[in-house]
Every structure is written in C-alpha cells, then in structure tokens.
Amino acid sequence: MRSYGSAVLLLLTGGAVLRISLFSDLYLRYVQAALRPYLVISGSLLMLLGVVAAVRGMLHRDHEETHEEPEEQEEEEEEAHSHGGPRIAWLLPLPALALLLFPPPALGSYSAGREQAQLAAQGVGTFPALPAAKVLDISVAQYSSRAIYDTGHSLKGRTVRMTGFVTHGSNGTWYVTRLVVTCCAADATTSKVEIRGTESDDAPQTDTWVTVTGTWLPKGRLGTDGAWPPLLDATTVTQVKQPADPYEKR
C-alpha cells in the first residue's frame, strides 16, 4: 500500500479542490471569484499527478514481485512493519478527505469578533456622489466608510438597504456585519453597522443573514473612534439566505 500513498494524497487533494471550485461555489468561502480558474487548473493537475503516481506505483510493484527473491522480499516487509513511519504517513490524506466531504463554512461572527476598529489609515474627506434611487442598495463596507469619514454627509436623508450576518454586542446591541477581503479569507477584515430602531428582544440570532432597510444616524466626530461603529435607524429587517459569495471586496 506504500506505493499508492502519494497517489491517494494527490487524488484526494485534487478532488477536494475541484469539488469546491469546478462543481460548486464553495470556493467563494475562501477566495475571490477571480481565482476560480487557478483553482480548477490546480485541482486538475493534482488529479493528473495522482493518476500518474498510481500507475507508477502499480508498475513498480509488478516489477518488484517479478524480480525480487522471496527471502529479500520477506526481509523488506519485516523492516517496513517494524517502523511506524509508513503507517503515520497515512494520516496525511485526512485533511484533504475532510475538505472533500465536509468543506468548512465561511467566516462568521467569531472572526468578526476578533477584529478591532481601524480608523486612522483612511482620514476624512468627500466621497463620490451616490446613485439616485428611492432605496439605495449599498454594501456594509461602503456605508461604514461614508458614515465615518464623509465630510459631505452623502448618506443624509437617504434610505439605504444592506445585507449581512448578525453579530451581537453588549447591552442588547446588534450589528449587520460583513467580512471584507482583498484576496482570500485569510486577509479578511470586518465592517459592521449597529442597528437601531428595533427592540433588543426582536434582534435576530447570531450568524443569521438579514437585509436591513433604514436611514443613517449621525454619531460622534468624523474619523474618530466615537464615530465607529456607524448607526442605522432600521425600518425593516428581513431574514435572508446566505449569499453564494459571503464576502465583500475592497
């Protein structure tokens, strides 16, 4: 079986990569959509290498069975059984098998709770004009940036709508939250908006995905810790399914 260890590992890993990238949208839990072709190519190459490794293992085993002396073969088998290395090596396919059968979920409230406000880098200023619409669809990150840094107060008087998952704070506060990525889930940062206008007893459960419609509530001095997290006076809160792509892009 040692002859096929590398083949099994390659095939499982390649199959897991293809499962999440070629046959589903699960890859969006980990990387941006633009990286899908590279995942498909990588998974295909791993599968091809696995097949090649399996064929080579079969040929090598047939060659050994044909040419080895019985006594030498018995000595090698005894030596293999006396060492734990080959057996331990079979644990290597387990992570690939887990990814193939049980892909991890997207990052959620736990990851968002580890992120602190990062306000100093951007600075205040004016933003481009928002599209004219009775209800403006806006990302959590865009709303947060404008609420905290926009000296032109472009959100004033506008009805906005955003989608995210629910996180909870102290004293009954709750937030619409999204994780923002540049490349993949490993570099994710948090954007969140505190929701007002609803009773704390009516707040959705943690990690529930919701679409919230409401208006901007000013808070604190722009560009300071006092302006974070921004506020939204909610008029409607609707539970929705998690989108295929759970992350927002920078």
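Treat the numbers as computed from the prediction; the structure is a model and nothing was measured.
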Smallest separation among heavy atoms of S24 and R19, with atom names | OG-O, 2.8 Å

Heavy atoms, side chains only, cut-off 4.5 Å: are S6 and R56 in contact?
-> no

For residues T163 and V240, determine if any side-chain heavy atom of one lies less than 4.5 Å from a side-chain heavy atom of the other.
-> yes

Do T167 and T177 have side-chain N/O donor and acceptor atoms under 3.5 Å apart?
-> yes

Minimum-distance pair of heavy atoms, taken over all atoms of A7 and A54 = CB-N, 3.5 Å

Pairwise side-chain contact, M162 with D137, heavy-atom cut-off 4.5 Å (strictly under) | no

Verify same cluster id: Y38, L26 (apolar side-chain graph, 4.5 Å) | yes

Could you state the interatomic distance from CG (L46) to CG (L48), rounded to the nearest 0.5 Å?
-> 9.5 Å

Look at the side chain of T235 and the backbone N and O of T213, then say whether any donor-acceptor pair between them is shorter than 3.5 Å.
-> yes

Looking only at atom types and distance, does a side-chain atom of Y175 sit under 3.5 Å from a main-chain N or O of F165, one as donor and one as acceptor?
-> no

Closest heavy-atom contact between S21 and Y27?
-> CA-CD2, 3.9 Å

Okay, side chain of T208, backbone of Q205: is any donor-acceptor separation there less than 3.5 Å?
-> yes

The single option from V31, L28, D25, L22 passing side chain to side chain contact (heavy atoms under 4.5 Å, CB included) against R36 | D25

When rounded to the nearest 0.5 angstrom, what is the spacing between CD1 in I138 and OG1 in T159?
-> 12.0 Å

Considering all heavy atoms, the nearest F127-S145 contact = CZ-O, 3.7 Å

Spacing of CG belonging to L222 relative to CD1 belonging to I148, to within rounding of 0.5 Å = 9.0 Å

Are R146 and S154 linked by a side-chain donor-acceptor pair shorter than 3.5 Å?
-> yes

Dump the intermediate steps for side chain to side chain contact (heavy atoms under 4.5 Å, CB included) on W228 and D225, then the final yes or no.
-> CA-CA 5 Å; W228 191 92; D225 289 345; 5.9 Å; no

Begin with the C-alpha distance, continue with both residues' side-chain angles, and end with the deciding distance and a verdict on side chain to side chain contact (heavy atoms under 4.5 Å, CB included) for V160 and W216.
-> CA-CA 8 Å; V160 300; W216 170 57; over 6 Å; no

Under the side chain to side chain contact (heavy atoms under 4.5 Å, CB included) criterion, do V212 and T236 qualify, and how do the steps go?
-> CA-CA 6 Å; V212 181; T236 63; over 6 Å; no

Taking C-beta and beyond as the side chain, do L179 and E248 meet within less than 4.5 Å on heavy atoms?
-> no

R178 and T189, any side-chain heavy atoms less than 4.5 Å apart = no

Evaluate the criterion side chain to side chain contact (heavy atoms under 4.5 Å, CB included) for residue pair L130 and L136; output intermediate values, then yes/no.
-> CA-CA 8 Å; L130 290 168; L136 175 67; 3.6 Å; yes

Separation between CG (L18) and CG (L45), nearest 0.5 Å, reads 9.5 Å

Can you name the one residue among T211, I195, L232 that meets side chain to side chain contact (heavy atoms under 4.5 Å, CB included) with V176?
-> I195

What distance separates M47 CE from L10 CG, expressed to the nearest 0.5 Å?
-> 10.0 Å

Nearest atoms (heavy-atom pairs only) where P246 meets W209 | O-CH2, 3.5 Å

Interatomic spacing from OH in Y30 to OH in Y247 - rounded to 0.5 Å | 8.0 Å

Side-chain heavy-atom pair V210, V166 within 4.5 angstrom cut-off = yes

Would D233 and R196 pass as an ion pair if we require N to O under 4.0 Å?
-> no

Please answer whether the main-chain N or O of V140 pairs with a side-chain N or O of S144 as donor and acceptor at a distance below 3.5 Å.
-> no

Heavy atoms, side chains only, cut-off 4.5 Å: are V193 and P229 in contact?
-> no

Do T173 and H168 have side-chain heavy atoms sitting under 4.5 Å apart?
-> no

